[in-house]
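Here is the structure we will look at, set down as structure tokens.
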Amino acid sequence: MSDRYNPQAIESKWQGRWEADGLYRTDLGDASSKFYYLTMLPYTSGDLHIGHWYSYIGPDIQARYRRMQGQNVFFPIGFDAFGLPAENAAIRQGIHPHKWTYDNIDRMRGQFRSMGAMFDWSKEAITSDPEYYRWNQWFFLKLFEKGLAYRALAPTNWCPSCQTVLANEQVLADGTCERCHTAVTHRDLEQWFLRITNYADELLDFSGLQWPERVITMQRNWIGRSEGVEITFGLDIPGVDQKELRVFTTRPDTVFGVTFMVLAPEHPLVPLITTPDRRAEVEAYVEQARRQTEIERLSTEHEKTGVFTGAYCHNPLSDEDVPIWIADYALLWYGTGAVMGVPAHDQRDFEFAERYGFPVRVVIAPADWDREPLDAAYLESGVMVNSAQFNGFPSAEGKDAVADYVESKGSGRRTVSYRLRDWLISRQRYWGTPIPIVHCPTCGAVPVPEEQLPVILPQDAEFKPTGESPLARHEGFVNTPCPRCQEPARRESDTMDTFMDSNWYFIRYLSPQYDQGPVDPDLAQTWLPVDQYTGGTEHAVMHLLYARFFWKVIRDLGVTLGSEPFIRLFNQGQILGPDGQRMSKSRGNVIAPDEQVARHGADTFRCYLMFIGPWDEGGPFGLEGIAGIWRWLNRAWSLILSEPNFGAAEPATTRNLRRLTHQTIRKATECLEGFHFNTLIAALMEMTNGLIRAREAGPVDRAAWDEATGGLLLMLAPLAPHIAEELWARTGRPYSVHQQAWPSWDADLAREDEVTLVVQVNGKLRDRIQVGADIDEARAKELALASPQVRKHIDNQAVQRVIYVPGKLVNVVVVR
RNA sequence: GCCGAAGUGGCGGAAUUGGCAGACGCGGCAGACUCAAAAUCUGCUGAGGGGUAACCUUCGUGCCGGUUCGAGUCCGGCCUUCGGCACCA
């Protein structure tokens, strides 16, 4: 056995041993002090890069620490395996997406093992396995039964050259296709939606969650709840049955300032109310708006344009008629698809009015209103003016007064609008979960019976994009009898958004082989919700919102598992290349973890990643400092294996050694509780250096030394599991260090006997005095005032007062 | 534009409730070991000024101001960077 630290030899040895022993397999039957530690599952992109290491090492350290704290920790892993990148890579390389994905999983498993992470591989789940996506389909059927899944015509991004629908992320900022750079247009297709908007208010309730405020804010903004009033304007157009035009506003106090009305171009009233002389222009405008992608239409630089429909509507409060225009700044899906134009108090309306010459009528004014023409909308507070019986109401109260009035007159009601839209889950792509629906000419959309699940994704589909879902051209897949009438029918050929897969993977982990339902109900009851979740902020909205939605849907299916799926959430930061840019092959700034593991071992690389800065901040990554960690582990190695001069140690020496041990345990415990891995490592380095000094200084007490070195190894174990295990074994301690209890600290032993009393004159540091830790105020002040340094700076001036901070500081204040 | 976070040595970064600014590490300099180098170990290392010296002294946490005996930390106003949202009526 070599005495040199040789990570390559010990790491694979211990990984094999741990695996053979099932050291990290969790007994889910034992629910006492259970701790479900979840970390976001990786996409099967190919190789684990530095970002993966960074985001999985932190949770691994935490999971190991919790386990040493005596908790029964479940720390599973799986693969998010469906999705576009597999298809794109497959198209590019001529490999089947299935092969591409599963080859990648094999490679990634090996890389995960080289990390030394304590994942429980026996509970692995892969979302592209039929045993997994079968339950996606099962959930879909339940949602369909409950009316929470529905089909509707929806606009999509369409690339006329690739003949395919594009996700918003695939449309470049200039409105062209990311692949062929053709201008993307609109196309309306029948798509499946999930009614997440039914849960909007519930999703705004974050009570009981220990989540970063930032994430909560992002979700709140994403849902975008606005309280307002729907006001019914009158329509009196010959030959039009519709007599009402409903408009949503959050500013009912400005209703007397309406000088025009704007409808979204797609608003269903538009073709009805447009007068014959305006028809050609209106139709041209609608056509042009339809051609634009939503991205273009919503871009900030977009100038406000519109056309007059020729029709007017009646303001029930001011008793005035105002012209109805259409403009693409009105969005069909928000509110009622109509905007009341109040140019004096809304900047968009102001710009529109300036361009088309509508009057700007001030109806909210501050006390010192000077009646000059506005050069921008007035958005500040004030009282209502030019508003008939409401004149004089402060804006806030005016909102209520107008709302009360319209409600009492039956011309409106208080209501709430959301920015959140229903979740579009249809994808016209191959590599995803088939939607379990059959379209029958007589019965319509018929759900596939539960016992026929899973609807298997066929291996032999031609998946190159041609304009419709690849499955639509697979005759064997598409042609099927209608489950209801048995007549020939066609299967739904769209697949599901992959966010469906990640909605509930953490539930599946508990029983990935279970075939009576998505999860073994007993395990679900004991192990859910997740105690701690970690992952990147890029999932602050989509994944984390969809998963919360799904959790509440599951509750409404009759299974209550707690109010929220993830009690505690912590976000790690993102690792960038040395140049501060995102790491990518095309930029050439990628640092491969495998090379670093080969060079210094996994333990050094793990510690280095955690040492470079606060884990929740991330930042540019360079290898400059890795030598420091390598030296430290080598120092620790030789320290632990060295034999100090055991003998009659001075009591003070022993006391100092034990103090170092217990102070470090206290510090390390605090650091782990707060995810401060960088300062945890700093504390262990200090302890290592302190022990080396103690060993050199003279005789050392054997028991105190064993306590110190044992404690150091225990604290090192979560960070650097291999070297800790090796040294634990080499020092004759019983296997395994990872099954030991986290050390506890003793407050008396950690206490300092002496403290440095800082002495200031007028807040400036003038002296430092070593004193006993139990010094009292009088004595401290006396010593401070006696200090020659202090006397020099007082310089015969009158001492005004003396401030004392117990055990820390004396500040002498003299008149200036 | 709005919301949020952050600005500390040559570099990554530390710093309980306001109380020694710069822990820990990198890099640099000097020394030890060595025939030599690498590795390793030891010491020094925020900037300026003074002193042969231990030491003394001024300045210093993006900028300006404030509160306080005392501010990296609290308050007001700017600047910069990074995230998120962005015609949401």
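In what follows, chains carry the letters A, B, and so on, assigned in the order in which the sequence lines appear, proteins first and then strands, with residues in each chain numbered from 1.
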- [ ] Dump the intermediate steps for ring pair (Phe, Tyr, Trp, His ring centres under 6.0 Å) on Trp630(A) and Tyr5(A), then the final yes or no.
- [x] CA-CA 10 Å; Trp630(A) 171 247; Tyr5(A) 172 42; 5.5 Å; yes
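- Backbone-only contact: Gln789(A) has heavy atoms under 4.0 Å from sugar-phosphate atoms and none from a base.
- Residue-to-nucleotide contacts include no donor-acceptor pair under 3.5 Å from the side chain of Lys808(A) to the base of C20(B).
- Under 3.5 Å, the side chain of Gln347(A) and the base of G1(B) form no donor-acceptor pair of N or O atoms.
- Rounded to whole Å, atom C1' of G13(B) lies 20 Å from atom CZ of Phe675(A).
- Asp776(A) and Tyr804(A) form no side-chain donor-acceptor contact under 3.5 Å, judged by distance and modelled atom types alone.
- Between the CZ atom of Arg214(A) and the C1' atom of A6(B) there is a distance of 11 Å, given to the nearest Å.
- Comparing U57(B), C24(B), C87(B) by their closest approach to the side chain of Ala682(A) singles out C24(B).
- Ring centroid separation for the pair Trp632(A) and Phe611(A) does not come in under the 6.0 Å cut-off.
- Contact annotation for Arg220(A): no contact, since no heavy-atom pair falls under 4.0 Å across all strands.
- Pair assignment for A5(B): U81(B), on the basis of Watson-Crick or G-U wobble contacts that are both within less than 3.5 Å.
- Nucleic acid contact for Ile803(A): base, since at least one base atom lies under 4.0 Å from a heavy atom of the residue.
- As judged by a 4.0 angstrom heavy-atom cut-off over every strand, Pro614(A) is placed among residues touching the sugar-phosphate backbone only.
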